[in-house]
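One structure is given below, encoded as structure tokens.
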Amino acid sequence: CTTDVTDIAAFTEALLAFDAMQSVDLFVCGAGVKTGQTEGCESPEQLDRVLDVNLRAPLHAVQSLLPKMIVRRRGQIALMSSMAAISPHADLLSYSATKAALRAYGTALRQAVRGTGVSVSVITPGYIDTPMTARQLGPTPFKVSAERAAKVIDRGLARNRPYITFPLALTMLVRLKAMLPVAFRDLIDSGHRARIIPDSDEDENK
């Protein structure tokens with residue numbers, strides 16, 4: 001079925017109805033949107049949209065299915081974060097914040113459910129060749145195809161990895177950058193600014 005994830009009541013109801021028909025053993029929460037900014041300012045409407053889709057919906061979804069998984073003592077939860085959670089992007093303010101929060105939530109949840117039979121994986125990809133990435137007019141280093149990303153994620157989930165972070169080259173660069181003084185990090189980031197083309201449900205004038 002198709003459900004608006006921002007309608008939390010309808011979304012969680014649909015998940016529970018599906019679970020009642022066929023128990024959910026693997027739940028991949030991959031919904032995500034992003035919006036641009038102007039000198040650090042985002043419109044309230046788009047800020048709420050990013051928060052609702054990227055953070056509120058995944059947390060409510062997990063909390064609706066988790067008790068069922070715990071009772072069955074099996075289940076796998078995969079949360080789609082982003083490399084922006086580790087290296088926040090100046091032109092993706094709310095997106096970076098929500099993905100960082102989701103990564104933190106997944107890390108904490110994995111510890112909380114230890115011993116219940118439920119496992120948690122946090123997926124942290126770099127740039128993937130998707131329509132959403134195409135709206136980001138700026139550098140997208142080490143971009144991988146959607147097909148390649150799917151294979152990496154599938155392999156990581158099969159191995160029950162707590163973190164599925166890729167591509168390796170970008171991961172290593174991000175980790176190295178984190179070791180540099182702030183002034184150098186800011187200089188590097190200044191060369192990766194971007195303009196975000198509004199999504200189809202955004203108002204360009206907001």
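The analysis underlying the following values was restricted to heavy atoms, covering all of them including side chains, and did not include hydrogens, waters or symmetry mates.
Gln37 and Asp91 are linked by a side-chain donor-acceptor pair at a separation below 3.5 angstrom, with hydrogens and angles left out of the test. Checked by atom type, the side-chain pair Ser23/Arg74 shows a donor-acceptor distance below 3.5 Å.
Leu55 and Met80 are assigned to two separate hydrophobic clusters, defined by single-linkage of ILVMFWY side chains at heavy-atom distances under 4.5 Å. Cluster membership for Ile70 and Ile77, using ILVMFWY side-chain heavy atoms within less than 4.5 angstrom, is shared. When hydrophobic clusters are built by joining Ile, Leu, Val, Met, Phe, Trp and Tyr residues whose side-chain heavy atoms come closer than 4.5 Å, directly or via intermediates, Met69 is grouped together with Leu59. Each of Tyr163 and Leu79 belongs to its own hydrophobic cluster when Ile, Leu, Val, Met, Phe, Trp and Tyr are linked at side-chain heavy-atom distances under 4.5 angstrom. Put simply, Leu66 and Val5 are part of the same group of oily side chains (I, L, V, M, F, W, Y) that touch within less than 4.5 Å, one to the next.
Atom OG1 in Thr171 sits 9.0 Å away from atom CG in Leu173 (nearest 0.5 Å). In this structure, OG1 on Thr12 lies 9.0 Å from CG on Leu65, to the nearest 0.5 angstrom. Within the model, atoms CD of Glu147 and CG of Asp129 stand 8.5 Å from one another, a figure rounded to the nearest 0.5 Å. Atom OG1 of residue Thr140 and atom CD1 of residue Ile128 lie 12.0 Å apart, to the nearest 0.5 angstrom. Remark: Thr98 OG1 to Leu92 CG distance equals 9.5 Å, nearest 0.5 Å. Considering OG1 of Thr6 and NE2 of His60, their distance stands at 11.5 Å, rounded to 0.5 Å.
At a threshold of 4.5 Å between non-hydrogen side-chain atoms, the residues Leu26 and Val28 count as touching. A heavy-atom distance below 4.5 Å is not found between the side chains of Thr35 and Tyr95. Annotation: side chain of Asp154 is not in contact with side chain of Lys151 (no heavy-atom distance under 4.5 Å). Here the side chains of Tyr127 and Gln136 are in contact, with some heavy-atom distance below 4.5 Å. In this structure the side chain of Ile164 reaches within 4.5 angstrom of the side chain of Phe166, judged on heavy atoms.
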Pair Asp189, Lys177 - check salt bridge (charged side-chain N to carboxylate O under 4.0 Å, His left out), show working.
CA-CA 10 Å; Asp189 289 340; Lys177 190 187 75 170; 2.7 Å; yes

Determine, step by step, whether Leu109 and Val62 satisfy the side chain to side chain contact (heavy atoms under 4.5 Å, CB included) criterion, reporting the C-alpha distance in whole Å, the side-chain angles of both residues, the deciding distance to 0.1 Å, and the verdict.
CA-CA 10 Å; Leu109 181 64; Val62 168; 3.7 Å; yes

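Heavy-atom minimum distance, Ala14 versus Thr3: CB-OG1, 3.7 Å. Taking all atoms of both residues into account, the shortest heavy-atom contact from Ser82 to Lys99 is CB-CG, 3.7 Å. Considering all non-hydrogen atoms of both residues, Gln76 and Leu157 come closest at NE2-O, 3.0 Å. In this structure, Pro58 and Val53 approach most closely via the heavy-atom pair CD-O, 3.3 Å. The two residues Gly138 and Ala194 make their nearest non-hydrogen contact at CA-CB, 4.0 Å. Across Ala57 and Ile8, no two heavy atoms sit closer than the pair CA-CD1, 3.8 Å.
A salt bridge between Lys34 and Asp199 is absent, with no side-chain N of the basic residue lying under 4.0 Å from a carboxylate O of the acidic one. With respect to the salt-bridge test (charged N to carboxylate O, under 4.0 angstrom), the residues Lys68 and Asp19 do not qualify.
Formation of a donor-acceptor pair under 3.5 Å by the Lys143 side chain with backbone atoms of Thr133 is not found in this model. Looking only at distances, a side-chain donor or acceptor of Asn54 sits under 3.5 Å from a matching main-chain atom of Val33. Glu42 contributes a side-chain N or O that, together with a main-chain N or O of Ser94, makes up a donor-acceptor pair within less than 3.5 Å. At distances below 3.5 Å, not a single donor-acceptor pair connects side-chain atoms of Thr38 with backbone N or O atoms of Cys41. Judged by distance alone, with hydrogens and angles left aside, the side-chain atoms of His89 form a donor-acceptor pair with the main-chain N or O of His192 at under 3.5 Å.
Around atom CD of Gln111, more than 12 heavy atoms belonging to other residues, nucleotides or ligands sit under 6.0 Å away. In this structure, Arg148 places its CZ atom where only 12 or fewer heavy-atom neighbours from other residues, nucleotides or ligands lie under 6.0 Å away.
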For residues 113-125, run the donor-acceptor check on the side chains, cut-off 3.5 Å, and write out each pair with its distance to 0.1 Å, sequence neighbours left out.
{"unit_1": "Thr116", "atom_1": "OG1", "unit_2": "Val113", "atom_2": "O", "d": "2.6"}
{"unit_1": "Thr116", "atom_1": "OG1", "unit_2": "Val118", "atom_2": "N", "d": "3.2"}
{"unit_1": "Ser119", "atom_1": "OG", "unit_2": "Asn160", "atom_2": "OD1", "d": "2.9"}
{"unit_1": "Ser121", "atom_1": "OG", "unit_2": "Arg161", "atom_2": "O", "d": "2.6"}
{"unit_1": "Thr124", "atom_1": "OG1", "unit_2": "Arg103", "atom_2": "NH1", "d": "2.8"}

